[in-house]
Amino acid sequence: MAEIRSYQMFIDGAWSEAADGALLDSINPATGKVWCRFPAATSSDVDRAVEAAHRAMAVGPWATMTATARGKLLRRLADLLAERADRLAEVETTDTGKLIRETRAQIRYVADYFHYFAGAADKLEGSTLPIDKNDMFVMTVREPIGVVAAIVPWNSQLMLAAVKIGPALAAGNAVVLKASEHGPAPLLELAQLCADAGFPAGVVNVVTGLGDPCGARLTQHPLVARIAFTGGPATARHVVRNSAENFATVTLELGGKSPIVVFDDCDIESAVNGIVAGNFGASGQSCVAGSRVIIQSGVFDEVTARVAERAGRIRIGDPQDAATEMGPLATKAQLDHVEAVLARSLAGGATLMGGGNRPQGFAQGWYFEPTILLCPHPDIASAREELFGPVLSALRFETEADAVRLANDTAYGLAAGIFTRDGARSLRMMRQIRAGIIWINTYRAVSPMAPFGGYGQSGAGREAGFESLLDYSRTKTVWINTGSAPMGDPFAMR
């Protein structure tokens, strides 16, 4: 029997157990077996972490460190990520079932995110104002906003952490990062890298535990000034309510039910590859999954047939095997949810074109076949609800107006894909589709320079890009009286 690995939390520069010694299990999705254990933080553990972050911002080397010096620490962290990518990839794949070839590539790219924010650290500038009063010099400076509570889910933990703690640290804040109870190990490994990079004690803290008490205490803590949350709308509502206790600034990156719109004049190979990437990459466990595929009638049959054929050839297997193309879902609850929504969709009139079952030969683990549903109308359950699994719902349309109506017929608005050779049409569609990210003739492309976020129930605020640094700082206005005469009597109006 394989040895079960043990992890601790990282608080105030030291490794720590939970105050009451409680532990949680992390299960390897490929085997369904426990592979590591980690602390279940209590409210007092969260208090220690937040107080350490607050102290780091008030006293010590972080409080007086220059922006250039902060950038050097971030650059060192980026280099360490790249150097240890293979080790981190093995941990993330074991913890979540994400493909090893994807985790290796993604972690190396996460290093680029930290390099980007390292370079941006000393580019936050104030300004001088052409003020409308004589003998006054007025300027603005940008300062860190305070202790940041960063909460990330189990999918793409390191990437989702980077777009939060990267700009937060670049702007001079200290961070308490809450890892998901379904996959915390990569973020605890990241904590070690932060220590190795030389970040002072208390600047980066990583706590692990359940939403209650760990997440609840963190998001309502009186010393927390900024909350950055990625997860589902239901949990986000609790986060927003909790923030009423501390009036923290909140950004939310939530779910999606993103459309991929395919027109008759598309490059069909590109469209098929975009649909496959948008639905079966990461086993469909992506907030930008293009799970509503809206196809014009002229190519509907050909596109769905080619997607089904390619889906049928996807190699399902051990996520640690570099030849595997699709691994398991991350949790048993997620697998159960996919099966339940699929059953309701078929009962509601959808037709199964491919997949729909647990694959043969996988008695252990939480695997599910890539699945294609033909939906006669947009009210089929699979076309409405976020599944976070490898299931796409195909809908037919006739006119451009129909495509816009179907694309916007959702409470979400994170991303959208458009496949057409008509440049003018792509611009018309881009303007009319309500989504924070539009991909034209491609899908799932990201960059540290490109803002990421959605509309509606997909959240509020943006991550990545230079503007995200502004979200982790605030403006201070400074007035200087340059006159030689004393300040005037406040009651002598003239």
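Heavy-atom basis, side chains included; hydrogens, waters and symmetry copies ignored.
To the nearest 0.5 Å, the span separating CD on Q457 from CD on E386 amounts to 10.5 Å. The structure places OG of S180 at 11.0 Å from CD1 of I151, a figure rounded to the nearest 0.5 Å. The distance from the CD atom of E302 to the CD1 atom of I295 is 10.5 Å, given to the nearest 0.5 Å. Taken from OG in S393 to CD1 in I380, the straight-line distance is 8.0 Å, to the nearest 0.5 Å. For the atom pair R425 CZ and I440 CD1, the distance stands at 12.5 Å (nearest 0.5 Å). Rounding to the nearest 0.5 Å gives a distance of 7.0 Å between OG of S345 and CG of L387.
One N or O on the side chain of T140 and one on the backbone of S127 form a donor-acceptor pair closer than 3.5 Å. Looking at D267, its side chain never comes within 3.5 Å of a backbone N or O of F419 through a donor-acceptor pair. The closest donor-acceptor contact from the side chain of R474 to the backbone of I145 lies under 3.5 Å. With T331 contributing its side chain and Q334 its backbone, the two residues share a donor-acceptor pair below 3.5 Å. In this structure, the side chain of T371 engages the main chain of E369 through a donor-acceptor pair within 3.5 Å. With hydrogens and angles disregarded, no donor-acceptor distance shorter than 3.5 Å links the side chain of T230 to the backbone of P153. Judged by distance alone, with hydrogens and angles left aside, the side-chain atoms of T399 form a donor-acceptor pair with the main-chain N or O of D402 at under 3.5 Å. Between the side chain of N242 and the main chain of H238, a donor-acceptor pair closer than 3.5 Å is present. A donor-acceptor pair under 3.5 Å is absent between the side-chain atoms of N279 and the main chain of P390, judged by distance alone. Using modelled atom types, one side-chain atom of R70 and one backbone atom of A170 make a donor-acceptor pair closer than 3.5 Å.
No salt bridge links K164 with D471; every basic N to acidic carboxylate O contact stays at or beyond 4.0 Å.
Here the closest heavy-atom approach between residue W154 and residue Q285 is recorded as CH2-OE1, 3.3 Å. Residues G209 and E181 come closest through the heavy atom pair O-OE1, 3.5 Å. Scanning all heavy atoms of the two residues, the minimum distance from Q157 to V152 falls at O-CG2, 4.4 Å. The two residues L329 and S283 have their closest heavy-atom pair at CD2-O, 3.6 Å. Among all heavy-atom pairs drawn from E463 and A228, the shortest one is OE2-CB, 4.4 Å. Listed here is the closest heavy atom pair of P167 and L469: CB-CD1, 3.9 Å.
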Mind running side chain to side chain contact (heavy atoms under 4.5 Å, CB included) on V261 and V404 for me, showing each step along the way?
CA-CA 9 Å; V261 183; V404 171; over 6 Å; no
Intermediate values then yes/no, side chain to side chain donor-acceptor pair (under 3.5 Å), D318 and T324
CA-CA 6 Å; D318 181 354; T324 297; over 6 Å; no
For the pair L218 and V224, evaluate side chain to side chain contact (heavy atoms under 4.5 Å, CB included) and give the outcome as yes or no after the intermediate values.
CA-CA 8 Å; L218 180 59; V224 167; 4.3 Å; yes
With salt bridge (Lys or Arg N to Asp or Glu O under 4.0 Å) as the test, would you mind laying out the steps for D409 and R384 before giving the verdict?
CA-CA 9 Å; D409 187 18; R384 287 287 177 199; 2.8 Å; yes
Would you check, one step at a time, whether the test salt bridge (Lys or Arg N to Asp or Glu O under 4.0 Å) holds for R84 with E189?
CA-CA 10 Å; R84 302 180 193 177; E189 298 276 351; over 6 Å; no
Run E398 and S297 through side chain to side chain donor-acceptor pair (under 3.5 Å) and show every step you take.
CA-CA 6 Å; E398 301 294 337; S297 287; 2.5 Å; yes
Trace of the salt bridge (Lys or Arg N to Asp or Glu O under 4.0 Å) decision for E90 with R104:
CA-CA 8 Å; E90 179 268 324; R104 283 174 180 159; over 6 Å; no
Report the C-alpha separation of D264 and R421 in whole Å, then their side-chain angles, then the decisive distance to 0.1 Å, and conclude whether the salt bridge (Lys or Arg N to Asp or Glu O under 4.0 Å) test is met.
CA-CA 9 Å; D264 286 349; R421 287 190 175 100; over 6 Å; no
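Between L335 and R358 the shortest side-chain heavy-atom distance falls below 4.5 Å. Residues L74 and F199 have side chains in contact (heavy-atom distance under 4.5 Å, counting atoms from C-beta outward). Within the 4.5 Å cutoff, side-chain heavy atoms of I438 are placed close to those of I418. Between P259 and Y412, the closest side-chain pair of non-hydrogen atoms is not below 4.5 Å. W366 has its side chain within reach of K332: a pair of non-hydrogen atoms, C-beta onward, lies under 4.5 Å apart. For the pair C287/L414, a side-chain contact is recorded, criterion being any heavy-atom separation below 4.5 Å from C-beta on. Using a 4.5 Å heavy-atom cutoff, the side chains of E269 and R306 are in contact. Inter-residue side-chain proximity for P319 and I100 is flagged as unmet; no heavy-atom pair is nearer than 4.5 Å.
No more than 12 heavy atoms of other residues, nucleotides or ligands lie within 6.0 Å of CD in E467, so this atom counts as exposed by the packing criterion. Applying the 6.0 Å contact sphere to NZ of K123 captures more than 12 heavy atoms from other residues, nucleotides or ligands.
Under the 3.5 Å distance criterion, with hydrogens and angles disregarded, a donor-acceptor pair is assigned to the side chains of D265 and T420. For T94 and N28, the side-chain atoms include no donor-acceptor pair closer than 3.5 Å. At a cut-off of 3.5 Å, with distance as the only test, a side-chain donor of K98 or S156 sits close to an acceptor on the other residue. R142 and T475 share a side-chain donor-acceptor pair at under 3.5 Å. Using a 3.5 Å distance cut-off with no hydrogens or angles, the side chains of E92 and T103 do not pair a donor with an acceptor.
The side-chain tip of R226 points at the ring of Y472 from less than 6.0 angstrom away and within 45° of straight on. Stacking of R434 on the aromatic ring of Y455 is not recorded, the 6.0 Å distance cut-off and the 45° axial limit not both being met.
Residues forming a salt bridge (Lys or Arg N to Asp or Glu O under 4.0 Å) with R217 (at least two apart in sequence, or on another chain): D47. Looking at residues two or more places apart in sequence or on another chain, you find no side-chain hydrogen bond (donor to acceptor under 3.5 Å, both in side chains) involving Q296. Checked against ring pair (Phe, Tyr, Trp, His ring centres under 6.0 Å), Y116 has no partners two or more places apart in sequence or in another chain.
Ring planes of F117 and Y113: tilted class, angle from 30 to 60°. Below 30°, between 30° and 60°, or above 60°: for F263 and F397 the angle between ring planes is above 60°, a perpendicular geometry.
T219 pairs in a side-chain contact (heavy atoms from CB on, under 4.5 Å) with only one of the listed residues (I227, V240, T235, V46), which is I227. Applying salt bridge (charged side-chain N to carboxylate O under 4.0 Å, His left out) to E385 and the options K257, R344, R292 leaves one that passes, R344.
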